[in-house]
Amino acid sequence: MNTADVCIMIAIIVYLIGMLYVGYVCSKKNSTADDFYLGGRKLGPFVTAMSAEASDMSSWLLMGLPGVAYLSGICDAGWTAIGLAVGTYVNWLIVAKKIRRYSQVCKNSITLPDFFANRFRDTSNVIMVISAAVILIFFVPYTASGFAACGKLFSSLFGVNYMTAMIVSAIVIVGYTALGGFLAASTTDLIQSIVMTIALIVVLIFGINVAGGFDAVMDNARALPGYFSLNEMYDVSTNSAVEYGFITKLSTAAWGLGYFGMPHILLRFMAIEDENKLVLSRRIATVWVVISLAIGTFIGAVGLAMSNVGAIEVFEGSASETVIVRISALLSTYGIIPALIAGVILAGILASTMSTADSQLIAASSAVSKNLFTAFNIKTDPKKTVRTARITLVIIAIIAAVLARNPDSSVFGIVSFAWAGFGAAFGPVVLFALFWKRTNRYGAIAGMVSGGAMVFIWKYCVRPLGGAWNIYELLPAFIIACIAIVVFSLATPAPSKEITDEFDYVKSLKD
């Protein structure tokens with residue numbers, strides 16, 4: 001291991017120790033399940049904003065998005081980014097304050113399955129079981145993609161065994177999350193968002209400089225057919241432009257619909273201490289997301305220009321997701337200070353992964369230790385609830401680590417599927433629960449089941465047909481879920497007066 005590698009390793013180790021220390025400090029504040037799962041609803045506006053977006057972006061921002069842009073130009077990545085930016089803003093604008101109020105009024109719900117069950121007074125616990133199952137089905141592989149990204153990072157950088165790197169990373173993530181719960185996840189996410197921002201800016205500036213300047217990056221991209229177009233996608237196999245039609249744009253931008261159903265983001269809304277500060281949180285979150293997505297996409301073009309001048313190797317397939325890793329490795333060869341900076345950048349990549357994985361682990365463990373236990377009337381001593389939550393979290397992490405054992409898995413591919421699953425199964429239910437008084441438990445159940453099932457059906461049965469059927473599964477699944485909610489709600493008995501009165505009360509609350 002040379003000097004550069006030592007400097008990088010020192011920076012990363014310091015960062016990891018820091019995250020564990022945050023977990024230890026936060027663990028002293030977790031005396032109840034409410035504290036462990038929702039931080040006692042005590043998050044400040046800045047932590048709420050940045051932890052929500054850091055947990056949202058994950059390794060996809062620093063690895064998946066640049067990788068897609070590197071291979072096919074800005075069209076696919078760009079429409080995805082546009083959808084996410086719009087979705088972020090609208091989610092903060094119409095959902096954040098509403099679900100913060102409603103979840104507290106509605107029997108102080110501290111998890112999303114809690115809120116659904118309480119909102120519709122589902123004493124049968126069917127909603128609780130289904131929503132907890134959805135969380136497990138989609139969050140375990142989502143968490144596995146984060147572990148895989150960590151393994152890829154260290155394996156490609158230091159040449160260490162992929163499995164070893166992945167397992168060590170998983171242990172650290174599980175360590176601070178199991179110790180500090182939601183508060184630790186949110187606090188570390190704030191730190192991680194700052195590190196991610198530094199990583200994006202440094203890589204952008206350094207990459208442009210090595211590639212020969214901004215004009216050289218632009219000229220290289222313009223020389224490739226359709227690379228800088230939002231109407232065409234660059235096809236590297238034929239060195240030609242492929243039309244990116246309206247339906248494809250619409251389905252890609254539909255990524256933004258996923259926000260309405262993301263448990264780890266919705267929990268941040270529910271956890272803020274003062275709902276009136278959500279406006280400030282919305283502004284901070286939206287600005288950060290727009291800038292980060294734009295830089296992440298452009299880094300793909302920067303990396304391609306660097307490959308063109310021989311500064312880094314030419315990437316193919318999922319290997320393109322390591323472009324920022326290779327740029328950072330190149331930076332580390334310029335001396336001790338640049339090597340330490342490279343270590344911070346790589347810690348940023350690690351941060352992007354950890355910030356999502358920790359939130360997913362909290363949500364997945366709560367689905368089992370709180371929601372499923374409640375649904376099946378499994379009684380636990382209140383003093384042992386937090387301990388049970390921690391044990392559950394560890395077990396789920398082990399399963400995710402087993403699923404992440406394949407180093408060839410695509411981070412972007414896994415994330416896109418899990419994103420569609422949550423967006424379709426939960427998104428419509430959240431929106432109808434908050435804004436349509438006539439929604440009932442039958443509609444909610446139908447929406448979750450049809451939305452989640454359609455993601456699988458469209459992904460594996462319909463989309464492979466190609467052509468006009470090649471639509472991102474989130475869009476058709478979201479539409480089907482909305483239709484199911486309306487049809488089943490209208491075809492079955494109306495909600496009770498208790499439920500409608502509660503809805504009217506929440507609606508009457510002034511901003």
Side-chain angles (χ1 to χ4, degrees), residues 48-61 64-65 77-100 102-103 111-112 115-116 131 134-135 138-139 142 186 189 193 250-272 278-279 281-294 296 352 355-356 359-360 362-363 412 415-435 447-448 451-452 455 472-479 481-482 485:
T48 300
M50 298 310 294
S51 66
E53 300 316 316
S55 66
D56 154 32
M57 288 303 162
S58 74
S59 54
W60 179 84
L61 174 63
L65 189 65
W79 282 106
T80 302
I82 290 171
L84 290 173
V86 173
T88 296
Y89 179 78
V90 175
N91 199 31
W92 280 95
L93 182 65
I94 69 173
V95 173
K97 184 175 289 188
K98 191 85 169 181
I99 199 169
R100 171 63 177 82
Y102 217 145
S103 62
T111 69
L112 199 57
F115 173 65
F116 289 151
S131 54
V134 168
I135 287 176
F138 291 109
F139 257 156
Y142 204 154
S186 298
D189 286 353
S193 67
L250 185 64
S251 73
T252 305
W255 271 76
L257 294 174
Y259 278 108
F260 302 122
M262 292 299 130
H264 53 301
I265 297 174
L266 297 173
L267 285 177
R268 263 61 182 192
F269 299 161
M270 293 162 63
I272 193 167
L278 282 167
V279 174
S281 296
R282 181 181 74 231
R283 292 169 180 167
I284 294 171
T286 303
V287 170
W288 186 84
V289 164
V290 169
I291 294 174
S292 298
L293 288 172
S352 67
S355 62
T356 299
S359 299
Q360 292 162 351
I362 288 291
F412 186 88
V415 169
S416 68
F417 180 68
W419 187 268
F422 282 120
F426 286 161
V429 180
V430 168
L431 293 176
F432 279 89
L434 296 177
F435 297 102
M448 276 189 274
V455 168
Y472 181 36
E473 52 270 19
L474 173 55
L475 181 58
F478 193 96
I479 293 173
C482 289
I485 291 172

OG of Ser292 to CG of Leu84, rounded to nearest 0.5 Å, is 11.5 Å
Sorted by chain and number, sequence neighbours left out, ring pair (Phe, Tyr, Trp, His ring centres under 6.0 Å) with Tyr89 holds for none
Closest heavy-atom pair, Ala477 versus Ala424, reported as atoms and distance to 0.1 Å, is CB-CB, 3.5 Å
dist Arg282:CZ -> Lys97:NZ (nearest 0.5 Å) comes out at 8.5 Å
Point to revise | side chain to side chain contact (heavy atoms under 4.5 Å, CB included) assessment of Phe115 paired with Val429 | key: CA-CA 11 Å; Phe115 173 65; Val429 180; over 6 Å; no
With Phe426 as partner, the option from Phe138, Phe116, Trp419 fulfilling ring pair (Phe, Tyr, Trp, His ring centres under 6.0 Å) is Phe116
side-chain hydrogen bond (donor to acceptor under 3.5 Å, both in side chains) filter on Tyr472, not counting sequence neighbours, yields none
Closest non-hydrogen contact found for Met448 with Ser131 is SD-CB, 3.8 Å
Separation between CZ (Phe422) and CG (Leu474), nearest 0.5 Å, reads 12.5 Å
Using modelled atom types only, decide if a donor and an acceptor are shared between the side chain of Trp92 and the backbone of Ser281 within a distance under 3.5 Å.
-> no
For Thr252, the side-chain hydrogen bond (donor to acceptor under 3.5 Å, both in side chains) test, sequence neighbours excluded, returns Tyr244
Taken to the nearest 0.5 Å, the spacing of Ile485 CD1 from Leu431 CG works out to 8.5 Å
When Ile99, Val134, Leu267 are each screened for side-chain contact (heavy atoms from CB on, under 4.5 Å) with Leu112, the one that passes is Ile99
Between the OH atom in Tyr259 and the CG atom in Leu266, the distance rounded to the nearest 0.5 Å is 12.0 Å
Next on the checklist: Closer than 3.5 angstrom, by distance alone: can the side chain of Ser103 be matched with the main-chain N or O of Arg100 as a donor-acceptor pair?
Outcome noted: yes
Looking only at heavy atoms, the pair that brings Ala81 and Leu293 closest together is O-CD1, 3.5 Å
Nearest heavy-atom approach of Ile135 to Pro263 is CG1-CG, 4.3 Å
When rounded to the nearest 0.5 Å, the distance separating CH2 of Trp79 from OG of Ser251 is 11.0 Å
Minimal heavy-atom distance between Pro428 and Gly423, with the atoms involved, is CD-O, 3.2 Å
Tightest non-hydrogen contact, residues Ala254 and Leu475, listed as CB-CB, 3.9 Å
